[in-house]
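Encoded as structure tokens, the structure appears first; notes follow it.
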Amino acid sequence: MSWKKELEEKLIREKLSENLGGEERVKKQHDAGRYTIRERINILTDKSSFHEIGKISGSATYDENNDLVNFSGSNFIFGNAKIDGRNIVVGGDDFTLRGGSADASIREKHLKCEQMALSLQLPLIRIVEGSGGGGSVKTIETTGRANVPEVEGWNLVVESMGTIPRVALGLGSVAGLGAAHLACSHYSVMVKEKSAVFVAGPPVVEQIGQKLTKNELGGYEIQLKSGAVDAAVDTEEEAFNSAKKFLSYLPNSVYQLTEQLSTEDNPNRTSEWLIDAIPRDIKSVYKIRPIIEELVDKNTFFEIGKEYGKSIVTGFCRINGWSIALMASDPYSYGGCWTSDTCKKVQKFVDLAETFHLPVIYLVDCPGFQVGLDAEKKGTIKEGVRAMSAIWQTTTPWLSIIMRNCFGVAGAAHKRGSSYISRCAWPSARWGSLPLEGGIEAAYRSDIENSNDPKAELEKITTRLNKLRSPLRSAESFLIEEIIDPRNTRKTMCEFADLAAPLRKIGMTSRTMRP
């Protein structure tokens, strides 16, 4: 006896689930310039590679004979797929069905998606629009009760953060649990003007006397500067490409290591202009990103969190084909001082490198922590200690290249106490407990005031001290391992990468990535 009839019934349900929230709501989604979840998954993943799990899970109605009358799929879709031939797990909200809220969701699908990625040790991409399976006011009516707040399965999310790469794409209005998923990721992206992220939306916030539009409350400019998300792009296609590129630098899980890729960029390539990159005038700034682009393998620098904690530039790159986590000071923001936000950014980035066993290269130009009343109000020293502790806890190989300033407690954060560490400096480097500028007059006030020519005496003392603080004098005492020619910096970085790569060890690190 054939089972063809049952298979036909299954196919009917699958076909109905592909209708999503219906023709009218799909049109509304398109009119707003957004793709549906099925379209998004098809664009993101390799052609025909998506295998959906639980496609016929949803809500069905039957007649008095228990024959199917209608069927509506769940508003969360997930499964396994491939990106550039690599296995991943992807799950996303269907905003055409109850705005992606819990009313049309099946909780077990969200849990299975997280569990699947974690168990298979595969990267997870969450496409979030709506509440991400979170609550809705209508839930009280549909369930007949109010729930005591809990997020079942959040332990899986936390474990994933320390085990697999987790990417979140906020492609519309994202609130509540959806916003939590976006924040609890290693890399998050919004679409400019079409995405907004908030704990609660404008109607709720208006109850506390704040009448705001979605963009005013949680638009991309707000969330980039707050550090809640890492990037904002113009189109959904760009968001998908950003997710793919981010994952290309990482292994599938902490139980794997990234491999060296072939590159045509010469590891011994020199850059003549770098000898003049750092101005002699300490009050003059310079652009760090062109220096980064010059040192890494061509066109491989992928910046993360550009608009947050701006005195540090962070991102992935390749050095002689190896995946590297790169930090660099940016003197255009607070002169490179570590602000409270910078410290938080450093901690998250260092955690990311440690979790996935990426060697770190740090281009140092740090005059210290930010000072002043605003810095004290924001608890800069507390956040600074957390960032320093994160650095000291890392076991991944580390290379610090001191390009200019390296002062105070924040300056000391370039050095670690375990694993392989290499430090070198450009001849433009200058360091100490604090900069000489501004302190000479106080320290040598008596000598200056008692001299016949105070101005000449100040210049004499300054010249003498500047000679003493030469990086060459420090190198003579092995306080810095090596002074290098800036033009040969790429060669130094490539040698480090080749030496450091074999030292990486798979498995869970001494501390997991914190949400």
Quiz item: Looking at Phe246, Phe349, Phe356, which hits ring pair (Phe, Tyr, Trp, His ring centres under 6.0 Å) with Tyr187?
Solution: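 That would be Phe246; it is the only one of Phe246, Phe349, Phe356 passing the ring pair (Phe, Tyr, Trp, His ring centres under 6.0 Å) with Tyr187.
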
Any sub-3.5 Å donor-acceptor pair from [X]'s side-chain atoms to [Y]'s backbone N or O?
X	Y	value
His51	Ala81	no
Asn87	Lys82	no
Glu39	Thr36	yes
Gln223	Val197	yes
Asp93	Glu129	yes
Glu114	Gly153	no
Arg166	Cys184	yes
Lys192	Asp234	no
Glu216	Thr213	yes
Thr342	Trp338	no

Can a side-chain donor-acceptor contact be found between [Y] and [X] if the only test is distance below 3.5 angstrom?
X	Y	answer
Arg490	Asn320	no
Glu303	Thr314	no
Ser271	Glu294	yes
Asp498	Trp322	yes
Arg504	Thr258	yes
Thr163	Ser253	no
Thr489	Thr492	no
Trp398	Ser400	yes

Mind checking whether [X] and [Y] have side chains closer than 4.5 Å, heavy atoms only?
X	Y	answer
Pro202	Leu217	yes
Lys345	Lys348	no
Glu152	Arg107	yes
Ser226	Tyr308	no
Arg126	Leu124	yes
Leu224	Val229	yes
Lys310	Tyr334	no
Arg289	Asp330	yes

Self-check item: N-O pairing of Lys225 and Glu307 below 4.0 Å
Solution: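 Between Glu307 and Lys225 there is no salt bridge, as every charged N stays at least 4.0 Å from the carboxylate O atoms.
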
Quiz item: Do NZ/NE/NH1/NH2 and the carboxylate oxygens of Glu482 and Arg423 come within less than 4.0 Å?
Solution: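 Not counted as a salt bridge, because no side-chain N and carboxylate O are separated by less than 4.0 Å.
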
Practice problem: Just grab all the side chain to side chain donor-acceptor pair (under 3.5 Å) pairs involving residues 169-180, residues at least two apart or on different chains. | Solution: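 For residues 169-180, and leaving out neighbouring residues, the side chain to side chain donor-acceptor pair (under 3.5 Å) pairs sorted by first residue read Ser173-Lys214.
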
Taking [atom1] in [X] as the centre, count heavy atoms belonging to other residues, nucleotides or ligands within less than 6.0 Å. Is the count above 12?
X	atom1	value
Asn155	CG	yes
Lys244	NZ	yes
Lys112	NZ	no
Lys287	NZ	no

Over all heavy atoms of both residues, which pair between [X] and [Y] is shortest? Give the atoms and the distance, please.
X	Y	answer
Leu169	Ala239	CD2-O, 3.9 Å
Arg40	Arg34	NH2-CB, 3.6 Å
Ile391	Thr394	O-OG1, 2.6 Å
Cys343	Gly384	SG-CA, 3.4 Å
Pro165	Leu247	CB-CD2, 3.6 Å
Ser329	Ile288	O-CG1, 3.4 Å

Exercise. Take Lys378 and Glu383 through the salt bridge (Lys or Arg N to Asp or Glu O under 4.0 Å) test and state the conclusion after the steps.
Key: CA-CA 9 Å; Lys378 292 181 178 179; Glu383 297 302 333; over 6 Å; no

Exercise. Evaluate side chain to side chain contact (heavy atoms under 4.5 Å, CB included) for Lys194 paired with Leu171, printing each intermediate quantity in order.
Key: CA-CA 7 Å; Lys194 295 179 181 178; Leu171 303 184; over 6 Å; no

Give every donor-acceptor pair under 3.5 Å between a side-chain atom in residues 358-374 and any protein atom, sequence neighbours left out.
residue : atom : partner : partner atom : Å
Asp365  : OD1  : Asn405  : N            : 3.0
Asp365  : OD1  : Asn405  : ND2          : 3.1
Asp365  : OD2  : Tyr286  : OH           : 2.6

Self-check item: Candidate list Leu499, Leu399, Thr396, test side chain to side chain contact (heavy atoms under 4.5 Å, CB included), partner Tyr420, passing option
Solution: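 One option only clears the test, and that one is Leu499.
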
Exercise. Report yes if the distance between the aromatic ring centroids of Trp431 and His414 is under 6.0 Å, otherwise no.
Key: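 Trp431 vs His414: aromatic centres not under 6.0 Å.
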
Quiz item: When rounded to the nearest 0.5 angstrom, what distance separates CD1 in Ile106 from CG in Leu111?
Solution: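 The CG atom of Leu111 is 11.5 Å from CD1 of Ile106, to the nearest 0.5 Å.
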
Quiz item: In Å and rounded to the nearest 0.5 Å, what is the CG to CD1 distance from Asp94 to Ile37?
Solution: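 The CG atom of Asp94 sits 7.5 Å away from the CD1 atom of Ile37.
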
Quiz item: Hey, mind stepping through Lys505 and Leu257 against side chain to side chain contact (heavy atoms under 4.5 Å, CB included) and telling me if it holds?
Solution: CA-CA 8 Å; Lys505 296 180 181 180; Leu257 297 174; over 6 Å; no

